[in-house]
K.L.:
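So that we are looking at the same thing, I have put the structure below in structure tokens.
Note that the numbering runs from 1 along the sequence shown for the chain. All ligand and atom numbering here is 1-based and tracks the order in the structure.
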Amino acid sequence: MEISPLIAIVMGSDSDFDVMKEAAALFKEFDIPFEMLVSSAHRTPERTSQFARKAEERGLKAIIVGAGAAAHLAGIIAAETILPVIGVPIAATSLSGMDALLSTVQMPGGIPVATMAIGKAGAKNAALFAAELLATENPDIREKLNNYRGQFKTSVEEKSKRLQKRLETFLNE
Ligand code: RP5
């Protein structure tokens, strides 16, 4: 039996996949069922609206939206649903993602889009943010998030030890 997705990862084009796969990797690691699709605010407005209108009744709990350029996709989806919409601006033009960042983040009052950083860090954080939303009602996901944060303690301490060695080498040169 197929498990229904809890989260949708939507992107404006398959050219956004290299960035948005970061979110998919996180959901795989956390064993959170998700779906991934392409829909465009400008090229396929009707497909985008249909998806957003049906998202809640399909059992989705949040929607992650990655788009580049004049990135209106997250805003259009947010306009059609009260599910939380998490936007990921993508660097797809000569403006290096600043166009997508401003298009995604500057929503008018009343229709929120939780906007993450430009690029891969934003895609990863979008998935973590969605997991945090699910964790409010799911103790398993809550535990996975705590373990995920716990790993930083070890990795940062290791980085600090490596830094001490580099510093000693540098000062003795
Ligand atoms: C945006 O335009 C997409 O999200 C993508 O980042 C960018 C370029 O799309 P393609 O021309 O590669 O399809 O709508």
K.L.:
Got a donor-acceptor contact below 3.5 angstrom from the Thr44 side chain to the Ser39 backbone?
P.N.:
no
K.L.:
Are Glu157 and Lys161 ion-paired here, with the side-chain N under 4.0 Å from a carboxylate O?
P.N.:
no
K.L.:
Whether Glu35 and Arg58 form a salt bridge (side-chain N of Lys/Arg under 4.0 Å from carboxylate O of Asp/Glu) is what I want to check.
P.N.:
yes
K.L.:
Which residues, ordered by chain and number, are linked to Phe51 in its hydrophobic cluster, where ILVMFWY side chains connect at heavy-atom gaps below 4.5 Å, directly or through other members?
P.N.:
Val10, Leu37, Leu60, Ile63, Val65, Leu73, Ile77, Leu83, Val85, Met107, Ile111, Val113
K.L.:
Identify, chain by chain and in numerical order, each protein residue with a heavy atom under 4.0 Å from an atom of ligand 1.
P.N.:
Gly12, Ser13, Ser15, Asp16, Arg43, Ala67, Gly68, Ala92
K.L.:
Return all side-chain donor-acceptor pairs below 3.5 angstrom for residues 97-104, not counting sequence neighbours, or 'none' if the list is empty.
P.N.:
residue	atom	partner	partner atom	Å
Asp99	OD2	Thr93	OG1	2.6
Ser103	OG	Asp99	O	2.7
Thr104	OG1	Ala100	O	2.7

K.L.:
Quick one: side chains of residues 12-27, donor-acceptor pairs under 3.5 Å with protein atoms, not counting sequence neighbours, listed by atom name and distance.
P.N.:
residue	atom	partner	partner atom	Å
Ser13	OG	Ser15	N	3.2
Ser13	OG	Ser15	OG	3.0
Asp16	OD2	Gly12	N	3.2
Asp16	OD2	Ser13	N	3.1
Asp18	OD1	Lys21	NZ	2.6

